[in-house]
2 protein chains.
Amino acid sequence: MNIGDVADRTGLPAKTIRYYEDIKLVTPQRSENGYRVFRDNDLHKLAFLGRARALGFTIEDCRTLMALYEDQTRESAQVKAVAKDHLSVIDDKIKQLQSMRSTLAHLVECCSGDNRPDCPILNDLAQLAMEPVR
Amino acid sequence: MNIGDVADRTGLPAKTIRYYEDIKLVTPQRSENGYRVFRDNDLHKLAFLGRARALGFTIEDCRTLMALYEDQTRESAQVKAVAKDHLSVIDDKIKQLQSMRSTLAHLVECCSGDNRPDCPILNDLAQLAMEPVR
DNA sequence: GATAGGGATTCCAGCTACTGGAAGGTCAAG
DNA sequence: CTTGACCTTCCAGTAGCTGGAATCCCTATC
């Protein structure tokens, strides 16, 4: 199977597949004309990668997960550990984004958004907030 | 003021400040010995940048916001538009992360995490989910 | 057999926003 | 005069691709 077909089947761009070969996540054979030849196993791996990436695992995590997948003697605890670590990374990101979101949403609400130059968003960024009303 | 002091005051690493000069977000003077000399205005701009970046604005957004900040004839609507766009980018990211999170959290829960090789996380990634119970 | 098209190949560069490190110049203190 | 803390520039690397150029291969049609 050629790279184009694999791209269609896995939904991964051909460029990405070549990149994955580059960093040794897959190692397709080559036919005489130099084209990559993908077999079922390669296809399978690429689909695995696509799904792991879609869950936000880093490439290095993917490497680990694939190795575990192929290791019959793995312990599910190893997999779970990787997943839990990743989960906490995701949680941290969500928290950070939510904190940004809440500050920003507040500022946006405070800004009249009209044709006058006064803007609480800029004031906040410049830390020239208005004197607190006392 | 030298770069080290500016770094201390703004909380930005000296490296980052040099980078910001590189991409023309600030343009400090130079003293005779070649050292950068930062004045109040530069300090102010860098603090502005630091806060905008902390809210997740891209560098290009920051450039726009600074230009608006310095433009006395701006309309607050322009600022608000930039902020709202950014807010929706943040919202998208949060949604995507939450979707990853929920899938992953479910998988983690399903995995016994013991010394046996069976692992629903890997099964899911390999899309070899168990037959649905019918 | 020439040619046109749609593949495939490699390689180089660029994206974001820094960060690390090497090699060297400057300055104040002891 | 030396030491150490600064400062300078420049080059390279991070993550995970993506775009583009130049070239090659294969098939089909005229």
Side-chain angles (χ1 to χ4, degrees), chain A residues 1-39 42 45-46 48-66 85-86 89-90 92-93 96-97 100, chain B residues 1-39 42 45-46 48-66 85-86 89-90 92-93 96-97 100:
Chain A
M1 204 186 270
N2 283 351
I3 200 166
D5 306 316
V6 178
D8 289 345
R9 293 239 211 150
T10 59
L12 296 170
K15 278 274 186 186
T16 300
I17 298 171
R18 288 194 195 97
Y19 172 68
Y20 287 170
E21 183 189 22
D22 223 51
I23 61 174
K24 273 137 204 162
L25 283 175
V26 278
T27 48
Q29 308 279 110
R30 293 290 177 133
S31 70
E32 289 194 358
N33 60 17
Y35 287 18
R36 288 168 184 81
V37 177
F38 296 85
R39 293 184 299 170
D42 300 313
K45 279 192 186 179
L46 287 166
F48 185 104
L49 286 168
R51 280 188 286 270
R53 292 286 301 128
L55 286 179
F57 284 104
T58 65
I59 291 285
E60 282 320 300
D61 281 347
C62 290
R63 212 185 283 284
T64 306
L65 290 172
M66 286 231 310
D85 280 2
H86 180 48
V89 168
I90 289 180
D92 289 351
K93 284 191 188 159
Q96 208 199 342
L97 284 170
M100 287 177 185
Chain B
M1 204 187 272
N2 283 351
I3 201 166
D5 305 315
V6 178
D8 288 347
R9 294 240 211 150
T10 60
L12 295 170
K15 277 270 184 190
T16 300
I17 297 171
R18 289 194 195 98
Y19 173 68
Y20 286 170
E21 183 189 22
D22 222 51
I23 61 173
K24 273 137 204 161
L25 284 174
V26 278
T27 48
Q29 306 279 110
R30 294 289 176 136
S31 70
E32 289 195 359
N33 60 17
Y35 287 18
R36 289 169 183 81
V37 177
F38 296 85
R39 294 186 296 172
D42 299 314
K45 278 191 187 182
L46 287 166
F48 184 103
L49 287 169
R51 280 187 287 270
R53 292 285 303 128
L55 285 180
F57 284 104
T58 64
I59 291 286
E60 282 320 299
D61 281 347
C62 291
R63 210 185 283 283
T64 305
L65 291 171
M66 285 229 314
D85 279 2
H86 180 48
V89 168
I90 289 180
D92 288 352
K93 284 192 188 161
Q96 208 198 342
L97 285 169
M100 287 177 184

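Just so we're on the same page: letters track the sequence lines, and every chain starts at 1.
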Under 4.5 Å between any side-chain heavy atoms of A/Q96 and A/D92, yes or no?
-> no
Are side-chain heavy atoms of B/I59 and B/I23 found at a separation under 4.5 Å?
-> yes
Nearest heavy-atom neighbours spanning B/L25 and B/K45 = O-CD, 4.0 Å
Looking only at heavy atoms, which two atoms of B/H86 and B/G56 are closest? And how far apart?
-> CE1-O, 2.9 Å
Expressed in angstrom and rounded to an integer, what is the separation of B/N2 atom CG from D/dT8 atom P?
-> 7 Å
Atom CD of B/Q29 and atom P of D/dT8: how far apart are they, to the nearest Å?
-> 14 Å
Separation of A/L46 atom CG from D/dG16 atom P, in whole Å?
-> 16 Å
Output the residues of residues 17-26 of chain A in contact with DNA chain C, where contact means a heavy atom of the residue under 4.0 Å from an atom of the strand; sort by number or write none.
-> A/R18
Can you check the A/M1 CE to C/dG7 P distance for me, whole Å?
-> 16 Å
Options D/dC26, C/dT19, C/dT9, nucleotide nearest the side-chain atoms of A/N33 | D/dC26
Is A/T10 close to A/I17 at the side-chain level, that is, under 4.5 Å between some pair of heavy atoms?
-> yes
Answer whether the closest heavy-atom distance between the side chains of A/K93 and A/V89 falls below 4.5 Å.
-> yes
Determine whether B/L65 and B/F48 make a side-chain contact, defined as any pair of heavy atoms from C-beta on separated by less than 4.5 Å.
-> yes
Degree of bending, the helix from C/dG1-D/dC30 to C/dG30-D/dC1 (end axes from five pairs; round to 10°) = 30°
A/D5 CG to D/dC26 C1', in whole Å, measures 14 Å
Tell me which of B/K15 and A/Y35 sits closer to the 5' end of DNA chain D, going by the nucleotide each one is nearest to.
-> B/K15
What is the distance from atom CG of A/L46 to atom CZ of A/R51, rounded to the nearest 0.5 Å?
-> 10.5 Å
B/R63 with B/E60: basic N within carboxylate O range, under 4.0 Å = yes
Between C/dT10, D/dC25, C/dT19, which nucleotide has the shortest distance from any of its atoms to the side chain of B/T16?
-> C/dT19
So, is A/R30 near the phosphate of C/dT10, with a side-chain N or O under 4.0 Å from OP1 or OP2?
-> yes
Reckon A/R36 has a side-chain N or O less than 4.0 Å from the OP1 or OP2 of C/dT9?
-> yes
Per the under-4.0 Å heavy-atom filter, residues of residues 52-66 of chain A near DNA chain D come out as A/R53, A/T58, A/I59
Going by the side-chain contact (heavy atoms from CB on, under 4.5 Å) test, name the single residue among A/R39, A/M1, A/R36 that passes it with A/P28.
-> A/R36
State, with a plain yes or no, whether a side-chain heavy atom of A/D5 is found less than 4.5 Å away from one of A/F38.
-> no
